[in-house]
Amino acid sequence: MKQLDIERRVALSLAVGRYLRSAERFNEASREFTGACKSLRNQLGTEQRFFVQSDFKHFLVTSDRHGNFDVEQIQTL
């Protein structure tokens, strides 16, 4: 195995640290997203269609009889 000079080791260490921090943020966001989906499924009924306003934007929310849902941003009501 080839020995690495100090600059290369520092660069690799920084890159690995960045990767590890990003992976942790990604995993946390994934857990939050999964929880939000579960919560929305619990609140939604089956076969529904309605509009929602959130953060000054409008969304069409639909759900089917299997518990699947879709949230689509629309321009205006």
Side-chain angles (χ1 to χ4, degrees):
M1 199 168 173
K2 184 172 124 179
Q3 274 213 318
L4 301 174
D5 63 8
I6 188 70
E7 290 86 14
R8 183 77 174 139
R9 285 187 288 173
V10 168
L12 283 169
S13 179
L14 291 172
V16 169
R18 181 178 179 201
Y19 164 80
L20 293 171
R21 287 187 300 277
S22 295
E24 181 56 36
R25 287 191 310 268
F26 174 81
N27 290 330
E28 178 60 32
S30 179
R31 286 188 293 271
E32 183 179 346
F33 179 76
T34 299
C37 288
K38 184 177 179 181
S39 175
L40 183 54
R41 274 193 186 93
N42 288 339
Q43 294 298 318
L44 282 173
T46 58
E47 300 185 67
Q48 292 191 24
R49 182 180 170 114
F50 55 91
F51 297 99
V52 172
Q53 180 180 350
S54 179
D55 297 328
F56 305 105
K57 297 174 186 170
H58 297 93
F59 300 88
L60 172 62
V61 180
T62 56
S63 64
D64 66 16
R65 61 187 171 109
H66 301 292
N68 301 312
F69 64 88
D70 185 42
V71 179
E72 176 185 351
Q73 184 175 354
I74 57 174
Q75 292 301 318
T76 127
L77 292 177

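Hydrogens, waters and symmetry mates play no part in the numbers below; they use all other heavy atoms, side chains included.
Rounding to the nearest 0.5 angstrom, the gap separating the CD atom in Gln3 from the CZ atom in Arg8 is 14.0 Å. Atom NZ in Lys57 sits 10.5 Å away from atom CD in Gln75 (nearest 0.5 Å). Taken to the nearest 0.5 Å, the CG atom of Leu44 stands 9.5 Å off from the OG atom of Ser39.
Applying the side chain to side chain contact (heavy atoms under 4.5 Å, CB included) test to Val16 and every residue at least two apart in sequence or in another chain returns Leu20. Glu47 meets the salt bridge (charged side-chain N to carboxylate O under 4.0 Å, His left out) test with no other residue; sequence neighbours excluded. In terms of the side chain to side chain contact (heavy atoms under 4.5 Å, CB included) criterion, residue partners of Phe51 (sequence neighbours excluded) are, by chain and number, Leu60, Ile74, Leu77.
Between Leu4 and Arg9, the closest heavy-atom pair is O-NE, 3.4 Å. Taking all atoms of both residues into account, the shortest heavy-atom contact from Gly45 to Ser63 is O-OG, 2.9 Å.
With contacts defined as side-chain heavy-atom distances shorter than 4.5 Å, the pair Val71/Val52 does not qualify.
Legend: salt bridge (Lys or Arg N to Asp or Glu O under 4.0 Å) pairs involving residues 24-46, not counting sequence neighbours, sorted by first then second residue: Glu24-Arg31, Glu28-Arg31. For the side chain to side chain donor-acceptor pair (under 3.5 Å) condition, no pair includes a residue of residues 10-19, sequence neighbours left out.
Alongside Val10, the hydrophobic cluster contains Ile6, Leu14 (criterion: ILVMFWY side chains under 4.5 Å).
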